[in-house]
Amino acid sequence: MAFHSSFNFLLFFCLLFPIIIYPSIAKATTTSSSSSFRPKTLFLPVTKVVHSTNIKQYVIDTKQRTPLVPIKQTLDLGGQYPWLVCDRSYVSSTYKPAHCGSAACRLTKSHVCRDCKGTINTPGCNKNTCIVNTFNRIGHVSVSGELAQDIVSILAVNNSIVTTGKPVSVPKFLFVCGKTSQLKGLASGVKGIVGLGRSNLGLPSQFYSAFSLKKKFAVCLSSSTTSEGVVFFGDGPYYTLAHRDFSQALAYTPLIVHPTNSKSSEYYIGVESIKIGDKAVHLNTSLLSIAKDGSGGTRISTVEPYTVLHSAIYKAVVGEFESALRAFIGDDRFKRVAAVKPFGACYNSSYIGIDRLGPVVPRIQLVLHGQSEPWMIYGANAMVDVGENVLCLGFVDGGEIPLQPSIIIGGHQLEDNFLLFDLASNRLGFSSSLFTRQNTCADFIF
Ligand SMILES: *[C@@H]1O[C@H](CO)[C@@H](O)[C@H](O)[C@H]1NC(C)=O
Ligand SMILES: *[C@@H]1O[C@H](CO)[C@@H](O)[C@H](O)[C@H]1NC(C)=O
Ligand SMILES: *[C@@H]1O[C@H](CO)[C@@H](O)[C@H](O)[C@H]1NC(C)=O
């Protein structure tokens, strides 16, 4: 009884203060590494996988299970729960289902219990287990299955470059056991999704708890499909091979906690205006803040391959971009060509120059909350080369879908930008294009 009421009390607090409380609860179930090496930074390589202009995913590799096997999972920056398919190929002596009412189950607030009717006592099919629902946002399918734990091994560094990384393990890594059909839309070879969202089962909070890391993580997505980018967990320095630490020279803007959905695991920032060249785009600014119904505002996402804009914002941005481009390259050289999906504004690239920041086009600036410098979007992040001498503005018209953010900053605009999610101070550090510093996100891993 005493246990019950203190649990309810905790639950009450969790709902009120999800970010402050979750790491200490997660600690109850995720114990520390077995090794005596106490890392302060962990890292995971991230591979960009492209199947077509539409399918572009950032994939993380970890070693999991006993014996360890490499597992690929698609990265979902704001995703809530990690999940994996637990089919016949799942073999591990350290797999354990989470039972109904267990501490691990309570972390998910699931009240669904199940006795599996299939091949019992196999990964994904056990008696009296905690069933958790999550979502594959790429294939738009719900994922439901038993909550489980197993070993995950990743690499750690201590004030050094990543090539000196040492393996450390998280012995009780929690995830949801999905089904093969729920892999819809994911790149081939991928076994599930890992979230970096604000959730007590997100990778950041599970790793912070296991090693008492600083509540920060950094994401640097490579634009190359052959050189990997990286995600760091914990405190810096986050050294490139040349011992440069990008976290030293960042601009900061507050991370916004969703005002109406306290359970949102997503990362929002406040865009106050958009400039093209140096001219402000004329926008309905009420779209830029989060409304009472939860719509609007600006989310950062690795699930969207390109930034998605509310239709009204999209039209205004394209209009302003075109007049700036026309003025910049000259009327006679401005040649709009047939649009190539999913883009709506494409140009003959024979008339657009190229320099170290990519195609030479008017720069786009996101003016953000706080006193920060704007987030600069230069040619390489603004334009997409769709082949046959055609360059498209790399933004997508998101229509006027209700309950959606007005701006979802997607993968193409994040590539070769260093982003530091400082959760302890609730702020986002951003570098804008590393090309301005003659660097890329592939400079960490060789
Ligand atoms: C790594 O850094 C942590 C924190 O600074 C320190 O306590 C630990 O001793 C270091 N470990 C090694 C092996 O250098
Ligand atoms: C601005 O956007 C809000 C939110 O979508 C809408 O309610 C309002 O009518 C718009 N105002 C104008 C002038 O278009
Ligand atoms: C682009 O311009 C070049 C040079 O005028 C021309 O040869 C080419 O056909 C044009 N391409 C498209 C897609 O319009």
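One is the number of the first residue; the rest follow in order along the sequence. In listed order, ligands and their atoms are each counted from 1.
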Taking non-hydrogen atoms only, is N389 closer than 4.0 angstrom to ligand 3 via side chain, backbone, both or neither? neither

Atom 5 (O) of ligand 2: nearest protein contact (heavy atom, Å): L287 CD2, 3.4 Å

Side-chain donor-acceptor pair under 3.5 Å between Y351 and D332, yes or no? no

Where ligand 3 meets Y351 - atom numbers and elements under 4.0 angstrom, heavy-atom basis: 2 (O), 4 (C), 5 (O)

Distance under 4.0 Å to a non-hydrogen atom of S286: what atoms of ligand 2 satisfy this? 1 (C), 2 (O), 3 (C), 4 (C)

For atom 14 (O) of ligand 3, what is the closest protein heavy atom, and at what distance to 0.1 Å? N348 ND2, 3.4 Å

When you compare the side chains of S205 and N200, does any donor N or O come within less than 3.5 Å of an acceptor on the partner? no

Cut-off 3.5 Å, side chains only: do E415 and Y58 have a donor facing an acceptor? yes

Considering only heavy atoms of V337, which atoms of ligand 3 have at least one such atom less than 4.0 Å away? 14 (O)

In terms of atom number and element, which parts of ligand 3 are under 4.0 angstrom from non-hydrogen atoms of S350? 1 (C), 2 (O), 3 (C)

Provide, to 0.1 Å, the distance between atom 1 (C) of ligand 2 and the closest protein heavy atom, together with that atom's residue and name. N284 ND2, 1.4 Å

Backbone or side-chain N or O of E388 under 3.5 Å from ligand 3 N or O: no

Mark whether atom 9 (O) of ligand 3 lies under 4.0 angstrom from at least one protein heavy atom. no

Check the angle between the aromatic planes of F207 and F173 and answer parallel, tilted or perpendicular using the 30° and 60° thresholds. tilted

Give a yes/no on whether the SG-to-SG distance for C100 versus C130 is below 2.5 Å. no

With a 4.0 Å cut-off, would you call R326 and D331 a salt bridge? yes

I'd like to know if the side chain of H258 pairs up with that of E266 as donor and acceptor (distance under 3.5 Å, no hydrogens or angles considered). no

